[in-house]
Every structure is written in C-alpha cells, then in structure tokens.
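First the proteins, then the strands, lettered A, B, ... as listed; each starts at 1.
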2 protein chains.
Amino acid sequence: MRELPHPSADNITLAQLMHALSDPARLEIVERLAEGDETCTAIGTGIELHKSTLSHHYRVLREAGLTRTTVDGRTRLIRLRRHDLERLFPGLLDAVLRAVRSQSTGRPSAAR
Amino acid sequence: MRELPHPSADNITLAQLMHALSDPARLEIVERLAEGDETCTAIGTGIELHKSTLSHHYRVLREAGLTRTTVDGRTRLIRLRRHDLERLFPGLLDAVLRAVRSQSTGRPSAAR
DNA sequence: TTTACTGTTGGACAAACATCAAACCTAAGC
DNA sequence: GCTTAGGTTTGATGTTTGTCCAACAGTAAA
C-alpha cells in the first residue's frame, strides 16, 4: 500500500483546482469518484480515451490536490480528498459535484 | 447601453466555467466583481497586465457565462451573472467566491 | 474637427495541453 | 524464470493559451 506524491493541503491552489476541473473527461472521472473510491480501469471503462491519456488525467487530478492515489499491488485506488478540500474550501467540492451531476443528467445537450 | 454577445444560460457548461476560473488573473477579477459591478479600468488597476491581456480575460469570463458586460458610452460595465449561475449550478459561485477570498487573504503565500 | 479616452482586435510567440502510440515498469500467476 | 495485467512515462503532434505590441474603433470633450 504505497503512496504516490501528493501536494500537501497547504499547497493546493484554487486556480490549479479549477484547471483540473476544466476538462470534460476529468469532470466525468470526478463524477464517478463521487460515488466512491475506484481503481483506474474501473474509472476508465466507458470513457473512450487511450489509457495513457487517462493516466495523464489521473495525474492532473492528483497534482491539483483533488484526488489521492494509493498503490495496492499492481492496481491503484483513487479517491477524492473530500476532507482536505472541505477544510480548505468549504462547500466547493460539494457544489462542483452537484453541478457536474446536474450537467450530465440534466439537459440532453450534454457537454463534450 | 448596448449589449455584447453572451451565451444563453442553457449554453453555459461547467467545464468552460471551470476553465474561466482556472487563471489567477481571472480569479482576481472575479473576486473584485464580487464586491460589485465594475468598469474595465477599475478592475484593471492593480493587476499588472497589459490592457489587451485584460481585455482577453474579460472576454473569456464573458464567453464562459460568468459575467455580463454592458456598453455605456465609452466604458463597459462588467458584473457577475449571479442569478443565472445560481439557477444553473446552485451554490457553486458562492463557494468559489468564498474560496478565492480565503485564498487571497488566507495564507501569506498567495497564488500567482 | 481634433484630441483624448476606453477598450477591442489581430499578429506573433513561447508555453502548456490533450491525445495517441510505443516502450517501460512492477506485481501476480504460471 | 516467463508471461500477463495494470498503469506510467516518454515522445510526437496538433491545438489552445497567456502575454505583449501595434493598430484600430467608438465615444466624449475641447
């Protein structure tokens, strides 16, 4: 159960966070993570992107401080840093999750 | 009191919104707009960027649906689209405004 | 009309980004 | 040891971005 390098909570900036959330693929990933922790392949199924591209997105999310990744054997588990983010920017993650859900289920003209 | 082209509320996407908020300069602009409507030069004073660069940022914010710009004589008044955004993504703008405020006043290591 | 003011537009340029493909790495399983 | 499975890294490619500068456009004032 190793750990990957993550930014400490103090080093998370709002701009980087917003940037991590500015890509439709990453928003979809975050939306899935809201349901619960997931392994990389689990998240990837259904998103039509090359696995290296997905890996890139995982890294962006992680380095922005949005997710935490733990290595377990040859799979990685990704989860949202809910607690850190709530302490840092109260209400922000929840609002984003609500927004991304409403956007994906709301109108038929889904972004993408 | 002309109007500039703005996206209708239905055409505002979360990803574009997040992208508009992913730049430190734009976050600062938004933070100022939270205090109340402002003219372009008023916002610009204190932000060390070329006026054309600022103009570019105003456009990004406007086209993302974050702000509404009205032309009044030779000045333009910019304001946040609070109502539209609240209806579309409840709580999101407020959370962002709280976050940007806490980030700029919070730690000495201000982003930028 | 001429000048000044307020901003926008177009061009240029370097940096960053999203994407894919191929090579790579590490842990399991045989 | 060899192979497979799960991901990452590197390189390449085309696109977008942030920034400045110079030129422009519309409005107001002199």
Side-chain angles (χ1 to χ4, degrees), chain A residues 1-6 13-30 32-33 37-64 66-79 111-112, chain B residues 1-6 13-30 32-33 37-64 66-79 111-112:
Chain A
M1 264 302 204
R2 279 195 302 116
E3 273 271 340
L4 258 56
H6 294 86
T13 74
L14 184 58
Q16 245 186 307
L17 224 54
M18 294 294 105
H19 171 248
L21 293 166
S22 72
D23 183 277
R26 289 197 289 266
L27 280 177
E28 193 166 343
I29 295 172
V30 166
R32 293 197 191 189
L33 287 175
D37 312 357
E38 286 277 18
T39 169
C40 289
T41 29
I43 302 172
T45 55
I47 303 184
E48 300 238 323
L49 284 176
H50 198 276
K51 63 175 182 168
S52 63
T53 304
L54 286 170
S55 185
H56 158 70
H57 287 312
Y58 300 146
R59 191 221 281 250
V60 171
L61 290 171
R62 174 163 44 82
E63 292 184 343
L66 241 144
T67 58
R68 189 173 293 279
T69 307
T70 52
V71 181
D72 177 18
R74 61 184 167 187
T75 82
R76 278 131 202 257
L77 204 70
I78 305 178
R79 61 182 178 289
R112 197 53 207 278
Chain B
M1 263 302 204
R2 280 195 302 117
E3 272 270 340
L4 259 55
H6 294 85
T13 74
L14 185 58
Q16 244 186 309
L17 224 53
M18 294 293 105
H19 170 248
L21 293 168
S22 72
D23 182 277
R26 289 196 291 265
L27 281 177
E28 195 168 340
I29 294 172
V30 166
R32 293 196 191 189
L33 288 174
D37 313 357
E38 287 277 19
T39 169
C40 289
T41 29
I43 303 172
T45 55
I47 303 183
E48 299 238 323
L49 284 176
H50 198 276
K51 64 174 182 168
S52 64
T53 305
L54 286 170
S55 185
H56 159 70
H57 287 313
Y58 300 146
R59 191 221 280 252
V60 172
L61 290 171
R62 174 164 43 84
E63 291 185 342
L66 242 146
T67 58
R68 189 173 294 278
T69 306
T70 52
V71 182
D72 176 17
R74 61 185 167 187
T75 81
R76 277 132 202 256
L77 203 69
I78 306 179
R79 61 183 178 286
R112 194 58 204 279

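Rounded to an integer number of Å, the gap from NE2 of B:His50 to P of C:dT6 is 15 Å. Distance NZ (A:Lys51) to P (C:dA21): 12 Å, rounded to an integer number of Å. Atom-to-atom, CZ of A:Arg59 to P of D:dT8 comes out at 9 Å; the value is rounded to the nearest Å. Summarising the geometry, the separation between CG on A:Leu61 and P on D:dT8 is reported as 12 Å, rounded to the nearest angstrom. Between B:His57 atom NE2 and C:dT9 atom P the separation is 15 Å, expressed in whole Å. The distance from atom CE of B:Met18 to atom C1' of C:dC17 is 19 Å, rounded to the nearest whole Å. The nearest whole Å value for the distance from the CD1 atom in B:Ile47 to the P atom in D:dT19 is 10 Å. The distance from atom CG of A:Leu77 to atom P of D:dG6 is 15 Å, rounded to the nearest whole Å.
Shown are B:Ile29, B:Val60, B:Leu21; of these, the side chain to side chain contact (heavy atoms under 4.5 Å, CB included) with B:Leu66 is made only by B:Leu21. Of the listed residues (B:Thr67, B:Ile78, B:Val71), just one forms a side chain to side chain contact (heavy atoms under 4.5 Å, CB included) with B:Leu4, and that residue is B:Val71.
Listed here is the closest heavy atom pair of A:Ala42 and A:Arg32: O-NH1, 3.8 Å. Among all heavy-atom pairs drawn from B:Ala25 and B:Leu49, the shortest one is CB-CD1, 3.8 Å.
Listed nucleotides C:dA18, D:dT19, C:dT19 differ in distance to B:His56; the shortest reach to its side chain belongs to D:dT19. When distances are taken from the side chain of B:Arg74 to each of D:dG6, D:dG26, C:dC20, the shortest belongs to D:dG26.
Within 4.0 Å of A:Ser55, counting heavy atoms only, lies at least one base atom of the nucleic acid. Residue B:Thr53 is in base contact, counting any heavy-atom pair closer than 4.0 Å across all strands shown. Residue A:Thr41 is classed as a sugar-phosphate contact, given heavy-atom separations below 4.0 Å to backbone atoms only. Residue contacts for A:Arg62: at a heavy-atom cut-off of 4.0 Å it reaches no nucleic acid atom on any strand shown. Across all strands shown, B:Ser52 has heavy atoms under 4.0 Å from base atoms, whether or not it also approaches the sugar-phosphate.
Where B:Cys40 and A:Ser22 each meet DNA chain C at their nearest nucleotide, the meeting point lying more 5' is that of B:Cys40.
Around atom CZ of B:Arg79, more than 12 heavy atoms belonging to other residues, nucleotides or ligands sit under 6.0 Å away.
Residue A:His19 places at least one side-chain N or O closer than 4.0 Å to OP1 or OP2 of C:dC17.
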